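In what follows, a single structure is set out as structure tokens and then discussed.
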Amino acid sequence: MSEEKSLNFIEEIIETDLAAGQYKSILTRFPPEPNGYLHIGHAKSICLNFGLAIKYGGKTNLRFDDTNPAKEETEYVDSIKEDVKWLGFNWSNELYASDYFDQIYSFAVTLIKNGLAYVDDSTADQIAALKGSPTEPGTNSPFRDRSIDENLTQFAAMKAGAYKDGEKVLRVKIDMAANNMHMRDPIIYRIKHAHHHRTGDQWCIYPMYDFAHGQSDSIENITHSICTLEFIPHRELYEWFINQLEIFPSKQYEFARLNMTYTVMSKRKLLQLVTEGHVQSWDDPRMPTISGMKRRGYTPESIRNFCERIGIAKRENLIDVSLLEFCVREDLNLKAKRVMAVLDPVKLVITNYPEGQTEELISENGPDESYGNRKIQFSKELWIEREDFMEEAAKKWFRLAPGALVRLKSAYIVQCNDFLKDTAGNISEIHATYIPESKSGSDTSEIKVKGTIHWVSVLHAMQAEIRLYDRLFNVENPSQEEGDFKEYINPDSLQIISQAFVETSLINSEVGNHFQFIRKGYFCLDKESTKDKLVFNRTVSLKDAWAKEVKK
RNA sequence: UGGGUUAUAGUGUAAUGGUAGCACUACAGAUUUUGAUUCUGUCCGUCUAGGUUCGAAUCCUAGUAACCCAACCA
């Protein structure tokens, strides 16, 4: 029957919890900070959190971790919601950490009342200096022993706006000698007179991550709070707050974030690429962002499948981008309508075909009948791919060359008998004769050819702009190289072909349609396309066995 | 030289003391009106050294390496 698929470590935990009756059902959350666009690494987290809830009959909240007004914007909130939906997931509740500011404030007051938090007047530098180092214990702040009443008064004054940014902070009283640096009296509230994208100017103090994230989890009754490895040291604090505040015991689990070859995956770096103009925008098709991949023509199914295949574990990883490309091809192979387009055109003249004659031929749209057929126009002069002709045929060359026979896809077999060169020595025109009885679908010629090439009729072709994308960086792991990661940007990551020719049927294509340009790759219509100027993005090339042969 | 986390083919991920499996990549072949797809096959692995055991990727001991932690970021 169905073979057991092995569980990842989080699924094992959940199954154990469920079997023990610890929870009736699970509740997960996807908690982005709205300070940038989502990337493929977030997709891994989204697929995990939503996927777990789907698998075990639970629910998932979308919660924005918006506790730092200086970095967060509504534009990012909107893009994040769009990207999660596009990936195919539905959240139970759209929530914001800022929804809980009142509640979190009262948690802080509780800690003060219990003698567990104090207002510290030290400067940032002083606090850092007293923090010690990983190998040396810290020192207690001189403000650590303020009275509860004084702390209460001062904290209220902080909230009321009596102080400037940085003048005071609220810290929690734990242990300045703890091995875990996060337990050395962490700051839980800071003063920031900044406009918040949702609460406006209502607050001038904001909770820190450690005093907002876990509290939000707990308020929502999140059962499994899943984050990435770098938060492991925060877990001890996460649990400390839950115990001290006696709130719902959400549990934190950590998995390894996604790294992928030839790209970067930090919002900070991606932001730089955008603001410094190395790419056009967050949704530039070369970006590892969800919106970039969408625009490039990747499908949600292929991304979800990719996330499924890479698995969930705790060790550092660097996933080969070719696995993502495989998933994209696998999906597009099933979905993309086949059409013909010539990217680097050279003219082929069928010398024995009647001048002025046009023929309507039938071509299949896909690998089987369910895709249907379409009509294509054939005439005396055709555009073919420059690389499909060789003046002197190489070994194992199946394409056009003087004297060689080749099939024009869905049309006739032709034989090349001449070619012309321009003054610069480039091939300017190729002459061939066609074999009338070799017509596709009713071939009685009994001629076998090894090569089939694509073409479009000169008379009927439409001009189009085609954008080819290559990897954004020319080293596997730009973040790990010496110096600035931007030194490793691939200067040729975008190639624009302004004079390509595509078949007429493409006039009706829409943004979001996927095509296979036969023998050239998968393409989609770009959002910058207009009726007068079609613009296509190459999503991914086809595997190319000949290119490999040439390399050898 | 503190604490934490992780080590399985080139990459990623299984095997929970009992035949080291799967996918991608690479390579070879078959089919093909896309040098695509599809199909078949091949190469390649348990961090090191000891130990326990009939039997160890798994348990024990000692090493080694990588990553994370000293933001009023998340």
Side-chain angles (χ1 to χ4, degrees), chain A residues 5-8 12 31-33 35 65-68 70-72 97 120 122-124 127-129 131-138 165-171 178-182 184 187-192 205-206 208-210 212-213 227-236 254 256 261 267-268 309-327 329-330 333-334 338 340 363-364 367 396-399 406-411 413 438 440-441 443 448-454 476 516-522 541-549:
Chain A
K5 197 179 171 284
S6 56
L7 304 176
N8 65 50
E12 282 182 2
E33 181 188 15
N35 66 343
D65 235 342
D66 55 350
T67 57
N68 185 359
K71 289 189 177 177
E72 296 147 7
D120 195 329
S122 309
T123 65
I127 289 175
K131 197 141 195 182
S133 75
T135 52
E136 288 173 83
D165 287 10
E167 253 181 274
K168 289 169 192 282
V169 291
L170 184 69
R171 299 178 74 179
N179 276 324
N180 184 346
M181 298 296 287
H182 295 273
R184 320 245 266 222
I187 294 167
I188 60 171
Y189 261 97
R190 79 288 213 185
I191 300 169
K192 249 183 215 278
I205 57 170
Y206 292 91
M208 298 285 289
Y209 166 84
D210 284 305
H213 197 100
C227 59
T228 45
L229 254 26
E230 62 273 25
F231 291 96
I232 288 176
H234 296 255
R235 189 175 62 226
E236 191 180 356
E254 312 87 9
T261 53
K267 279 191 201 168
R268 200 193 95 244
R309 283 173 189 251
I310 58 178
I312 298 294
K314 297 187 81 152
R315 87 175 105 151
E316 292 291 328
N317 57 77
L318 180 63
I319 309 272
D320 196 329
V321 69
S322 62
L323 177 59
L324 212 210
E325 292 177 343
F326 168 83
C327 293
R329 289 192 187 102
E330 184 184 44
N333 180 44
L334 300 172
R338 271 63 169 171
M340 293 202 280
S363 188
E364 74 280 8
K396 298 191 199 169
W397 179 256
F398 303 157
R399 285 117 92 152
V406 80
R407 155 88 55 193
L408 295 172
K409 174 72 180 171
S410 300
I413 291 173
S438 68
S440 185
D443 187 348
K448 287 267 181 280
V449 293
K450 290 213 82 165
T452 299
I453 65 172
H454 60 279
E476 280 205 335
Q516 185 194 104
F517 290 180
I518 286 181
R519 302 208 306 133
K520 296 310 294 180
Y522 294 100
S541 63
L542 256 27
K543 275 205 200 165
D544 191 344
W546 173 248
K548 280 179 187 169
E549 187 67 33

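Lettering follows sequence order; numbering is per chain, from 1. Please read all numbers here as calculations on a predicted model, not as lab measurements.
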C1' gap between B:rA7 and B:rG12, integer Å:
14 Å
Indicate yes or no for a side-chain donor-acceptor contact from A:T261 to the backbone of A:D320 under 3.5 Å, with no hydrogens or angles considered.
no
Would you say A:N180's side chain and A:P233's backbone share a donor-acceptor pair under 3.5 angstrom?
yes
Donor-acceptor under 3.5 Å (A:R329 side chain, A:L324 main chain)
no
Pair A:N35, A:E72: side-chain N/O donor-acceptor within cut-off below 3.5 Å:
no
Protein-nucleotide distance (A:K448, atom NZ; B:rG35, atom P), rounded to Å
16 Å
Under 4.0 Å, counting only non-hydrogen atoms across every strand here, what does A:R399 touch: a base, just sugar-phosphate, or nothing?
base
Reckon A:I413 touches a base, only the sugar-phosphate, or nothing at all at heavy-atom distances under 4.0 Å?
nothing
Minimal non-hydrogen separation, A:T67 against A:R190, with atom names:
O-NH1, 3.4 Å
When you measure from the side-chain N and O atoms of A:K450 to the phosphate of B:rU33, is any distance below 4.0 Å, counting only OP1 and OP2?
no
Give A:R309 one of three labels, base, sugar-phosphate or nothing, depending on what nucleic acid heavy atoms sit under 4.0 Å from its own.
sugar-phosphate
Taking only N and O in the side chain of A:R519, is any of them less than 4.0 Å away from OP1 or OP2 of B:rG35?
yes
How is A:L408 classified with respect to the nucleic acid when contacts are heavy atoms under 4.0 Å: base, sugar-phosphate, or nothing?
nothing
Please give, in whole Å, the distance from B:rG35 C1' to A:D544 CG?
7 Å
Sugar-phosphate or base contact per nucleotide [nucleotides 64-74 of chain B; S, B, -; heavy atom under 4.0 Å]
---SSSBSBSB
Rounded to whole angstroms, how far apart are CG on A:N333 and P on B:rU37?
8 Å
Can you tell me how far C1' of B:rA26 sits from CD of A:E549, to the nearest Å?
15 Å
Rounded to whole Å, CZ of A:F398 lies from P of B:rU32 at a distance of 13 Å
So A:R338, base contact, sugar-phosphate only, or nothing? Heavy-atom distance under 4.0 Å.
base
Any side-chain N or O of A:K548 under 4.0 Å from OP1/OP2 of B:rC27?
yes
Do the side chains of A:R407 and A:D443 get close enough for a salt bridge, i.e. N-O under 4.0 angstrom?
yes
Side chain of A:K314 only, please: which of B:rU5, B:rU37, B:rA14 is the nearest?
B:rU5
Reading RNA chain B 5' to 3', what string of ( ), [ ], | and . shows its pairs, if Watson-Crick and G-U wobble pairs count only when both distances fall under 3.5 Å?
.((((((..((((....[..)))).(((((.......)))))....(((((..]....))))))))))).....
Is there side-chain contact between A:R519 and A:K409, with heavy atoms separated by less than 4.5 Å?
no
Taking the side chain as C-beta and beyond, is there a heavy-atom pair between A:R338 and A:P367 under 4.5 Å?
yes
Across the strands shown, which category fits A:G441 at heavy-atom distances under 4.0 angstrom: base, sugar-phosphate, nothing?
base
NA contact type, A:F326, heavy-atom cut-off 4.0 Å: base, sugar-phosphate, or nothing?
sugar-phosphate
Write down the atom of A:S133, the atom of A:R184, and the distance for their closest heavy-atom approach.
O-NH2, 2.7 Å
Ring centroid separation A:H234 to A:Y209 under 6.0 Å
yes
Euclidean distance, atom CH2 of residue A:W546 to atom P of B:rA36 [Å, nearest integer]:
12 Å
Categorize A:Q516 for me: base, sugar-phosphate, or nothing, with a 4.0 angstrom heavy-atom threshold over every strand shown.
base
